[in-house]
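Sequence lines set the chain letters: A, B, ... in the order given, protein chains first and strands last, and positions in each chain run from 1.
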Number of protein chains: 2
Amino acid sequence: MKRILIADDEERMRKLVGDFLKREGFQIIEASNGKEALEIFREESGIDLLILDVMMPEYDGWTVCREIRKYSLVPVIMLTARSEESDELFGFELGVDEYISKPFSPQVLVARVNALLRRIGKNSHTVKAFNGLEIDENSRYVLVDGIKLNLTPKEFELLIYLTENEGRALSRDQILNAVWDFNYYGDVRTVDTHIKKLRLKLGSKGEYIQTVRGLGYRFEVIK
Amino acid sequence: MKRILIADDEERMRKLVGDFLKREGFQIIEASNGKEALEIFREESGIDLLILDVMMPEYDGWTVCREIRKYSLVPVIMLTARSEESDELFGFELGVDEYISKPFSPQVLVARVNALLRRIGKNSHTVKAFNGLEIDENSRYVLVDGIKLNLTPKEFELLIYLTENEGRALSRDQILNAVWDFNYYGDVRTVDTHIKKLRLKLGSKGEYIQTVRGLGYRFEVIK
DNA sequence: ACTGGATCTTCACAGAATGTTCACAAAAGC
DNA sequence: GCTTTTGTGAACATTCTGTGAAGATCCAGT
């Protein structure tokens with residue numbers, strides 16, 4: 001069963017949306033402000049979709065989306081009171097997947113939720129393969145040329161984050177925010193040390209982790 | 001480079017949409033009716049996204065989408081003249097991923113295309129293309145005629161700044177303020193040195209960086 | 001609560017890569 | 001031809017990354 005987190009400060013709205021989605025067979029989790037949404041998302045694992053109201057106390061919908069995008073690709077639907085193009089553009093840049101302006105009919109909402117989940121569901125493999133490097137997120141296996149590696153938790157999560165962003169250059173700060181707690185205050189160079197260990201353990205596939213001088217690192221498969 | 005198939009019977013519309021997307025670094029293939037779209041899609045491999053007009057001769061957009069969904073998960077954006085909810089619902093059920101109603105601004109289109117491609121897993125695009133010179137801000141790669149360059153951080157940022165101001169003459173001071181720390185106190189001629197290195201690395205595309213005597217430099221694509 | 005081992009973090013140093021300056025050559029404008 | 005401006009190469013300065021090791025922290029088993 002798919003789990004959906006709804007964040008809206010109006011209880012009436014949460015109930016309306018929630019009821020409709022429950023009827024469609026989804027499990028609903030509610031948050032009444034942005035901060036709560038962030039906390040719940042971080043603690044509860046396996047949330048499949050987020051519905052965020054733009055206007056919320058503590059953190060607004062944009063902020064919540066931005067924070068979550070630092071470490072997750074979970075689909076996000078944003079609810080907004082008015083339909084302004086500038087807002088919409090802004091949202092897409094933050095990584096909002098859908099955009100529904102109030103008032104909306106529940107059918108439209110349900111249709112978009114289904115469409116979004118269908119889309120995501122099709123390319124959600126728990127096993128990723130990169131030319132001799134296989135990663136199974138569920139069983140936490142990493143295989144290099146078929147040989148199982150023994151990675152520490154941090155190393156594993158670092159590798160996951162890098163591969164999720166294959167081809168993208170990531171700054172040390174981005175990596176820290178994503179792999180460590182997002183309010184981690186420590187030495188940025190810690191990333192380097194973990195990269196070093198990861199490269200070592202990955203052996204020949206360590207070259208997939210490239211240094212982007214002046215910025216950070218990038219994962220890219222070398223053929 | 002991502003390839004996009006545009007199917008619309010109005011040539012004017014194909015051109016409008018196509019031009020905007022080309023400027024974003026996509027490769028555009030056109031079809032003037034539904035039947036042609038289906039044929040092209042089946043023959044050409046590696047099409048990354050479909051933009052379909054609802055109203056077309058031969059087969060309409062819905063039909064094309066339904067047919068293609070039988071064997072492909074390629075993302076589909078549907079263009080429609082009016083924004084009716086019933087149509088939208090109908091479309092989501094057929095497997096339409098996005099839905100844009102005319103008239104629309106090209107920015108919204110580009111934003112949705114990027115959002116969709118990002119979602120699908122192919123990487124997103126901050127890619128700019130200038131006649132043989134491609135710049136991908138995400139991966140921090142710069143390609144000249146398809147070959148990757150190795151630029152230093154300063155060189156990269158300088159190039160970004162120049163291209164962002166394509167066609168505009170920029171003084172050395174402007175460049176210093178933008179690319180270096182804004183309270184940088186150093187030799188203005190440092191810019192010259194970096195321009196030199198950049199031109200060298202860009203090879204034949206180095207000519208896009210023109211000297212504006214008495215002022216500074218200007219980036220302009222030479223056809 | 002204790003202990004030993006694994007893991008994580010910090011730090012300093014070396015070497016490499018990059019950035020800056022400067023002097024002179026070349027080019028452009030008058 | 002003279003002056004001003006830009007191109008260029010090399011020397012020098014600075015910054016950044018890789019690395020190893022030491023110390024801190026976490027965790028499972030007792």
### Task
Give a yes/no answer on whether the side chain of Thr211(A) brings an N or O atom under 4.0 Å of OP1 or OP2 in dC16(D).
no
### Query
Could Glu220(A) and Lys148(B) be called an ion pair, given the rule that one side-chain N must be under 4.0 Å from one carboxylate O?
yes
### Message
Rounding to an integer number of Å, can you tell me how far Ile195(B) CD1 sits from dG9(D) P?
### Response
16 Å
### Message
I'd like to know if the side chain of Asp48(A) and the backbone of Arg3(A) have a donor-acceptor N/O pair within less than 3.5 Å.
### Response
yes
#### Entry: Nucleotide-resolved protein contact map, nucleotides 19-30 of chain C, B/S/- at heavy-atom distance under 4.0 Å
BBBB-----BS-
If you restrict it to nitrogen or oxygen atoms, what contacts under 3.5 Å exist between nucleotides 11-13 of chain D and the protein, and what is each distance?
none

### Message
I'd like to know if Glu155(A) pairs up with Lys201(A) as an ion pair, taking the criterion as any Lys NZ or Arg NE/NH1/NH2 lying under 4.0 Å from an Asp or Glu carboxylate oxygen.
### Response
yes
### Task
Pick out which of Leu49(B), Ile51(B), Ile4(B) makes a side-chain contact (heavy atoms from CB on, under 4.5 Å) with Pro75(B).
Leu49(B)
### Query
Between dT6(D) atom P and Ile175(B) atom CD1, what is the distance in whole Å?
11 Å
### Query
Should we count CD of Gln210(B) as having more than 12 external heavy atoms under 6.0 Å?
yes
### Task
Measure from CD on Glu207(A) to C1' on dG18(D) and round the result to the nearest Å.
15 Å
#### Entry: Phosphate contact (dG18(D) OP1 or OP2) by Tyr217(A) side-chain N/O below 4.0 Å
yes
### Task
Indicate, with a heavy-atom threshold strictly under 4.0 Å, whether Leu215(B) touches base, sugar-phosphate, or nothing.
sugar-phosphate
#### Entry: Arg172(B) or Lys196(B), whichever maps to the more 5' nucleotide of DNA chain D
Arg172(B)
### Task
Could you check how far CG of Leu198(A) sits from P of dG18(D), rounded to whole Å?
13 Å
### Query
Between dT19(D) atom C1' and Arg199(A) atom CZ, what is the distance in whole Å?
12 Å
### Task
Establish, for the pair Arg218(A) and Tyr141(B), whether the NZ or CZ atom is under 6.0 angstrom from the six-membered ring centre and no further than 45 degrees off its axis.
yes
### Task
Could you check how far CD of Gln210(A) sits from C1' of dG18(D), rounded to whole Å?
16 Å
#### Entry: Length of the line joining Leu151(A):CG and dC8(C):P, which is rounded to integer Å
10 Å
### Message
Looking at Asp53(A) and Arg14(A), is any side-chain nitrogen of the basic one under 4.0 Å from a carboxylate oxygen of the acidic one?
### Response
no
### Task
Provide, to the nearest angstrom, the distance between the CG atom belonging to Asp192(B) and the P atom belonging to dT4(D).
18 Å
### Message
Run the side-chain hydrogen bond (donor to acceptor under 3.5 Å, both in side chains) test against Lys15(B) and tell me which residues pass, sequence neighbours left out.
### Response
Asp19(B)
### Query
Does the ring center of Phe219(A) lie less than 6.0 Å from the ring center of Phe130(A)?
yes
### Query
Under 4.0 angstrom, heavy atoms only, what part of the nucleic acid is Val179(B) near: base, sugar-phosphate, or nothing?
nothing
